[in-house]
S.K.: 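One structure, as structure tokens, below. Some questions next.
Remember, it's a predicted structure, so these values are computed and weren't measured experimentally.
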Amino acid sequence: ERHAPPVLALFLEPNMEVVPLHPCPWRRHDPDLVAADFFDVRHGDALSSGWKINSETPCSGGYLIHDNCSEGAQRGAAYSPLTQVLDLFLDLPPVGKIYLEFYTLLPEDGRRPSRVVCVRVDGQRAERAAVFSSDTMEWQIFPETTLQLTVSDRLRASGVVHGLVYWRGWMYDQIVVLDTATFQFSLIDLPTPLKPELGESTYKLGETKDENLCIVDIKDKTIVSWFLDNCSVVNSWITYKNFPLRPIVRELTGCSMEEEDYCNVNVDLVAVIDGFVYLCIFYLKDTEYRELYLSICLETSDMCELYNGAYRHNEAAHPYVMAWPPSLVQSKVSLCLCQEESETEDDDPKDTEETSSVLIAALQSFSQALMNADKEKEIVAELDAFLRPTEDGKGSLISRISTLDAQMTAARNRILRINE
């Protein structure tokens with residue numbers, strides 16, 4: 001039987017407020033855990049110099065936005081402690097703006113090594129990828145892509161699915177995909193019903209239980225989904241499951257999505273992770289605005305209510321889904337999403353610390369790798385300005401990443417130990 005990995009929390013923008021899910025291990029045992037052990041971005045940054053979380057827009061798209069205005073220049077970076085993805089925004093006159101995106105790829109099923117993939121995007125040259133391996137502790141930089149990609153309307157990457165880095169909104173009606181096995185870029189057409197007309201696309205990309213790329217959207221008050229047929233000569237989308245929203249909303253909230261009442265109900269897609277669709281239902285009940293989070297299994301159609309409470313005036317929500325520990329991945333024992341599980345002997349609390357150290361090692365050696373690469377030397381000085389240590393050792397970008405990862409690890413381990 002298929003069950004989702006444990007969802008420990010929802011992080012809400014713009015302040016990375018934590019919503020405890022219900023039922024949840026800490027809700028009964030440790031209600032003070034919620035905000036204390038994660039991130040507090042609402043009370044300013046105590047550091048007097050170096051990299052700080054942006055006070056006006058602390059979080060966007062699940063990334064914590066960092067600024068550094070020292071040394072007479074303003075520099076920006078964005079880091080997601082949930083996915084360990086780092087974006088650096090370099091401004092190099094007369095070259096222009098260059099984006100460096102670093103993706104930490106976790107080893108699957110206990111395999112090693114861990115890897116860090118960097119993608120360089122700018123408006124003057126073709127895109128280029130590089131990979132750092134924890135096995136060799138060296139970078140390999142690949143040739144520029146031969147695809148003609150548009151960067152004027154580029155958005156941040158949607159994520160990583162089993163070795164595929166994908167971007168939505170980069171190429172109008174196509175998805176840009178980087179295969180980290182071959183390091184080749186490719187373009188995949190959207191399903192015809194999802195090709196944009198006016199306004200921003202609302203679809204979410206994710207994966208099925210069989211590790212196929214899938215796409216989910218809401219059309220005509222129905223959740224619609226497709227998965228990518230990797231066996232065909234030409235990548236094609238195959239219709240998967242549809243879920244009418246009217247009965248779901250009525251069952252969970254008692255509200256109607258009919259035209260006269262629809263202004264009191266709104267359903268948003270949150271994410272698609274490991275074959276599960278995460279939704280949020282905003283609704284008006286007895287003069288009170290409320291929000292309800294739930295998951296739906298694409299394979300079995302099972303629903304699980306995760307949270308139902310007063311509306312928190314958030315702009316977006318991001319699930320923190322902890323991967324199943326290696327000792328449980330191959331287990332034949334059925335495990336429930338909401339089951340209270342303690343950390344097992346094989347669950348290594350150093351996993352997050354290891355991937356964090358791999359990212360840091362990759363960053364520390366990247367400048368030297370660029371010095372040895374063709375047509376990349378001009379960005380080395382600016383990259384060094386991003387990554388150089390500060391005098392007190394606390395305000396550097398690398399130290400901020402280490403601190404954020406340590407906070408995530410400590411909170412995760414405390415949650416897992418609650419029921420011991």
S.K.: Which heavy atom in V265 sits nearest to a heavy atom in M257, and how many Å separate them?
M.R.: CG1-CG, 4.1 Å
S.K.: For a quick test of reading the model, state the closest non-hydrogen atom pair linking R128 to F142 and the distance between them.
M.R.: NE-O, 2.7 Å
S.K.: Would you indicate whether the side-chain heavy atoms of L370 and I141 approach each other to under 4.5 Å?
M.R.: yes
S.K.: With sequence neighbours left out, what residues match D135 under side chain to side chain contact (heavy atoms under 4.5 Å, CB included)?
M.R.: P113, S133
S.K.: Is any side-chain heavy atom of S295 less than 4.5 Å from a side-chain heavy atom of C304?
M.R.: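 When only atoms from C-beta onward are counted, C304 and S295 do touch, with a gap below 4.5 Å.
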S.K.: So how far is it from E127 CD to T146 OG1, rounded to the nearest 0.5 Å?
M.R.: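 E127 CD to T146 OG1: 11.0 Å, rounded to 0.5 Å.
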S.K.: Nearest 0.5 Å, what's the OG1-CD distance between T57 and E13?
M.R.: 10.0 Å
S.K.: A side-chain contact here means heavy atoms from C-beta on lying under 4.5 Å apart; do D274 and T208 qualify?
M.R.: no
S.K.: What do you reckon, is CG of D220 surrounded by more than 12 foreign heavy atoms closer than 6.0 Å?
M.R.: no
S.K.: Report the C-alpha distance between L90 and K97 in whole Å, list the side-chain angles of each, state the deciding distance to 0.1 Å, and finish with yes or no for side-chain contact (heavy atoms from CB on, under 4.5 Å).
M.R.: CA-CA 6 Å; L90 283 64; K97 295 184 182 298; over 6 Å; no
S.K.: Quick one: which of L269, L190, V216 gives a side-chain contact (heavy atoms from CB on, under 4.5 Å) with Y203?
M.R.: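 Of the listed residues L269, L190, V216, the side-chain contact (heavy atoms from CB on, under 4.5 Å) partner of Y203 is L190.
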S.K.: Please name all residues satisfying ring pair (Phe, Tyr, Trp, His ring centres under 6.0 Å) with F243, sequence neighbours left out, ordered by chain then number.
M.R.: none
S.K.: I'd like to check the side chain to side chain contact (heavy atoms under 4.5 Å, CB included) partners of T180; sequence neighbours left out, ordered by chain and number.
M.R.: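 L105, R115, V117, V165, F183.
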S.K.: Hey, does F132 have a side-chain heavy atom less than 4.5 Å from the side chain of M137?
M.R.: yes
S.K.: Do T83 and S80 get their side chains close enough for a donor-acceptor pair, meaning under 3.5 Å?
M.R.: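 The answer is yes; a qualifying pair exists.
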S.K.: H318 vs Y320, test: ring-ring contact (aromatic ring centres under 6.0 Å, His included). Steps then yes/no.
M.R.: CA-CA 7 Å; H318 305 280; Y320 173 40; over 10 Å; no
S.K.: Could you give me the CA-CA distance, side-chain angles and deciding distance for R75 and E382, then say whether salt bridge (Lys or Arg N to Asp or Glu O under 4.0 Å) is met?
M.R.: CA-CA 10 Å; R75 297 182 173 92; E382 182 65 9; 2.9 Å; yes
S.K.: Would you sort out whether I248 and I296 count as a side-chain contact (heavy atoms from CB on, under 4.5 Å), showing the intermediate values?
M.R.: CA-CA 10 Å; I248 294 175; I296 300 177; 4.0 Å; yes
S.K.: Just jot down the side chain to side chain contact (heavy atoms under 4.5 Å, CB included) partners of T239, sequence neighbours excluded, or say none.
M.R.: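 T239: side chain to side chain contact (heavy atoms under 4.5 Å, CB included) contacts with W226.
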S.K.: Kindly indicate whether the side chain of R312, heavy atoms from C-beta on, has any atom under 4.5 Å from the side chain of L12.
M.R.: yes
S.K.: Do you know the tightest heavy-atom contact between F276 and C297?
M.R.: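 Residues F276 and C297, closest heavy atoms: CE2-CB, 3.5 Å.
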S.K.: If you take all heavy atoms of Y79 and V85, which pair is closest and at what distance?
M.R.: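 For Y79 versus V85, the nearest heavy atoms are CD1-O, 3.2 Å.
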S.K.: Quick check, are the ring centers of F366 and F102 under 6.0 angstrom apart?
M.R.: yes
S.K.: Could I get the full list of side chain to side chain donor-acceptor pair (under 3.5 Å) partners for S365, not counting sequence neighbours?
M.R.: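 Partners of S365 by the side chain to side chain donor-acceptor pair (under 3.5 Å) criterion, ordered by chain and then number, come out as W139.
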S.K.: Are a donor atom and an acceptor atom from the side chains of S399 and S396 found within less than 3.5 Å of each other?
M.R.: yes
S.K.: With side-chain contact (heavy atoms from CB on, under 4.5 Å) as the criterion, how do L279 and V270 come out once you've worked through the C-alpha distance, each side chain's angles and the decisive distance to 0.1 Å?
M.R.: CA-CA 5 Å; L279 298 170; V270 175; 5.6 Å; no
S.K.: Looking at P319 and L10, what are the two nearest heavy atoms and their distance?
M.R.: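 Heavy atoms of P319 and L10 come nearest at CA-CD2, 3.6 Å.
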S.K.: Of all residues at least two apart in sequence or in a different chain, which pass the side chain to side chain donor-acceptor pair (under 3.5 Å) check with W237?
M.R.: none
S.K.: How long is the gap from NE2 on H313 to CD on E315, to the nearest 0.5 Å?
M.R.: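 Nearest 0.5 Å value for the NE2-CD distance: 12.0 Å.
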S.K.: I'd like to check D189 versus I175 (side-chain heavy atoms, cut-off strictly below 4.5 Å). Are they in contact?
M.R.: no
S.K.: Could E144 and R120 be called an ion pair, given the rule that one side-chain N must be under 4.0 Å from one carboxylate O?
M.R.: yes
S.K.: Pick from L178, V176, L213: which one makes a side-chain contact (heavy atoms from CB on, under 4.5 Å) with Y166?
M.R.: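 Only one option passes, and that is L213.
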S.K.: For E291, check salt bridge (charged side-chain N to carboxylate O under 4.0 Å, His left out) against everything at least two apart and list the hits.
M.R.: none
S.K.: Between N242 and T222, is there a side-chain donor-acceptor contact under 3.5 Å, judged purely by atom types and distance?
M.R.: no
S.K.: Measure the shortest side-chain to side-chain distance between W167 and F185 over non-hydrogen atoms and say whether it is less than 4.5 angstrom.
M.R.: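 In short, these two side chains touch, coming nearer than 4.5 Å.
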S.K.: Considering residues at least two apart in sequence or located in another chain, which fulfil the side chain to side chain contact (heavy atoms under 4.5 Å, CB included) criterion with D268?
M.R.: N266, F282
S.K.: Ignoring hydrogens and geometry beyond distance, is a side-chain donor-acceptor pair present between Y283 and N308 at under 3.5 Å?
M.R.: yes
S.K.: Does any part of the side chain of D405, heavy atoms only, come nearer than 4.5 Å to the side chain of Q84, both counted from C-beta?
M.R.: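 Side chain of Q84 against side chain of D405, heavy atoms only: contact under 4.5 Å found.
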S.K.: Restricting to side chain to side chain donor-acceptor pair (under 3.5 Å), what partner residues turn up for D179, sequence neighbours left out?
M.R.: none
S.K.: Can you see which heavy atom on S402 is nearest to which on I360, and at what distance?
M.R.: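 Result for this residue pair: OG-CD1, 2.8 Å.
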S.K.: How long is the straight-line distance from CG of L383 back to CG of L363, given to the nearest 0.5 Å?
M.R.: 8.0 Å
S.K.: Suppose we screen for salt bridge (charged side-chain N to carboxylate O under 4.0 Å, His left out). Which residues come up paired with E378, at least two apart in sequence or across chains?
M.R.: R125
S.K.: V121 vs I98, test: side-chain contact (heavy atoms from CB on, under 4.5 Å). Steps then yes/no.
M.R.: CA-CA 6 Å; V121 182; I98 296 177; over 6 Å; no
S.K.: Look at the aromatic rings of Y99 and F89 and report parallel, tilted or perpendicular, splitting at 30° and 60°.
M.R.: perpendicular
S.K.: Measuring from N372:CG to S367:OG, what's the distance to the nearest 0.5 Å?
M.R.: 11.0 Å
S.K.: Measure the spacing between CG of D67 and CH2 of W51 and express it to the nearest 0.5 Å.
M.R.: 7.5 Å
